[in-house]
Student: 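Please read through the structure below; I'll follow up with questions.
Keep in mind that what you see is a predicted model, and the values were worked out from it rather than measured.
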Amino acid sequence: MTFRSSSSLVRMVEAAKELTEHASVLKRIDAVLRITGVDRTYGKGRPLVEALERVAQEAILCGDFGLAQRFQRFAGYADGELFLEVVEGYYDERARQRSEEFMRRMAALGADRAAAVLDVLCRDDPDATAADARDVFRGIARSADHLGSKPARAGSGCPLGK
């Protein structure tokens with residue numbers, strides 16, 4: 001089992017602390033923050049997961065189901081069950097905006113590359129049809145697993161492959 005913690009988790013826990021006035025929940029949140037460490041060594045492991053789960057349980061007892069769900073997701077991240085990006089998507093506006101901006105840029109890059117492929121197709125075959133363009137893009141989609149950088153092999157002529 002891989003346990004996780006991060007500055008993002010600490011920041012989200014600190015922000016969540018502002019969402020409740022229940023003393024018992026605040027006490028449990030403070031316990032989480034003590035585990036993560038004042039010096040920001042980001043304490044990890046089962047104690048952190050259990051402390052996050054205790055916050056969720058206390059929030060349920062206080063009738064704050066939204067806060068309980070938040071801390072259940074935090075515990076899921078700390079326990080290795082959820083990716084940080086998923087949790088940030090719910091509770092970190094800046095991270096969500098960065099992710100959306102990244103997706104917009106990737107979509108623009110993809111569209112730009114698609115236009116370049118069509119330019120080459122039309123240059124090489126001025127009579128190309130929409131069916132020809134579909135075939136080119138389907139071929140690219142089928143070969144997507146082979147796209148990207150691969151580690152250099154020894155003797156490949158690449159100085160980094162030694």
Student: Would you give the length of the straight line joining atom CD of Glu85 to atom CZ of Arg98, rounded to the nearest 0.5 angstrom?
Tutor: 10.0 Å
Student: Consider only side-chain heavy atoms of I, L, V, M, F, W and Y, link residues closer than 4.5 Å, and tell whether Tyr90 and Val55 are in one cluster.
Tutor: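 Yes, one cluster joins them.
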Student: Could you give the distance from CD (Glu58) to NZ (Lys27), rounded to the nearest 0.5 Å?
Tutor: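 Spacing of CD (Glu58) from NZ (Lys27) equals 9.0 Å.
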Student: Between side-chain atoms of residues 105-114 and protein atoms elsewhere (two or more places apart, or another chain), which donor-acceptor pairs fall under 3.5 Å?
Tutor:
unit_1 : atom_1 : unit_2 : atom_2 : d
Arg105 : NE     : Glu101 : OE2    : 2.8

Student: Determine whether more than 12 heavy atoms belonging to other residues, nucleotides or ligands lie under 6.0 Å from atom CZ of Phe137.
Tutor: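 Count over threshold, so yes.
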Student: Tell me the closest heavy-atom pair linking Ala128 and Leu121, and the distance in Å.
Tutor: CB-CG, 3.8 Å
Student: If hydrophobic clusters are built from ILVMFWY residues whose side chains come within less than 4.5 Å, do Val120 and Ile140 share one?
Tutor: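 They do not share one cluster, since no chain of ILVMFWY contacts under 4.5 Å joins Val120 to Ile140.
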Student: With a cut-off of under 6.0 Å to the ring centre and 45° to the axis, is Arg73 in cation-pi contact with Tyr91?
Tutor: no
Student: Are Val136 and Leu118 side-chain neighbours, meaning at least one heavy-atom pair lies under 4.5 Å?
Tutor: no
Student: Does Gly139 offer a backbone N or O that forms a donor-acceptor pair with the side chain of Ser143 under 3.5 Å?
Tutor: yes
Student: Test Ile35 against Leu52 for side chain to side chain contact (heavy atoms under 4.5 Å, CB included), laying out the working first.
Tutor: CA-CA 10 Å; Ile35 291 170; Leu52 290 162; over 6 Å; no
Student: Once salt bridge (Lys or Arg N to Asp or Glu O under 4.0 Å) is applied, what residue pairs with a partner in residues 115-139 remain, sequence neighbours excluded?
Tutor: none
Student: Look up atom OG1 in Thr20 and atom CD1 in Ile29, then write down how far apart they are to the nearest 0.5 Å.
Tutor: 6.5 Å
Student: Does a side-chain heavy-atom distance below 4.5 Å link Arg70 with Leu19?
Tutor: yes
Student: For a 4.5 angstrom cut-off between non-hydrogen side-chain atoms, does Val13 reach Thr36?
Tutor: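 No - every pair of side-chain heavy atoms lies 4.5 Å or more apart.
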Student: Taking C-beta and beyond as the side chain, do Gln72 and Ile60 meet within less than 4.5 Å on heavy atoms?
Tutor: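 Counting from C-beta outward, Gln72 and Ile60 do come under 4.5 Å.
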Student: With a 4.5 Å heavy-atom cut-off, do Arg28 and Val25 have their side chains touching?
Tutor: no
Student: For Gln97, enumerate each residue passing the side-chain hydrogen bond (donor to acceptor under 3.5 Å, both in side chains) test, keeping only those at least two apart in sequence or located in another chain.
Tutor: Glu93
Student: Is any side-chain heavy atom of Met12 less than 4.5 Å from a side-chain heavy atom of Glu88?
Tutor: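 They are in side-chain contact.
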Student: Are Glu14 and Val10 packed together at the side-chain level, in the sense that at least one heavy-atom pair is separated by less than 4.5 angstrom?
Tutor: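 Counting from C-beta outward, Glu14 and Val10 do come under 4.5 Å.
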Student: Tell me whether the centres of the aromatic rings in Phe71 and Phe74 are closer together than 6.0 Å.
Tutor: yes
Student: Report yes if some heavy atom in the side chain of Ser8 is under 4.5 Å from a heavy atom in the side chain of Tyr77; otherwise report no.
Tutor: no
Student: In Å, rounded to the nearest 0.5 Å, how long is the span from NE2 of His22 to CG of Leu67?
Tutor: 8.5 Å
Student: What verdict does the side chain to side chain contact (heavy atoms under 4.5 Å, CB included) test give for Arg96 and Asp92, after you've listed the backbone C-alpha separation in whole Å, the side-chain angles of each residue and the deciding distance to 0.1 Å?
Tutor: CA-CA 6 Å; Arg96 185 171 44 254; Asp92 187 330; over 6 Å; no
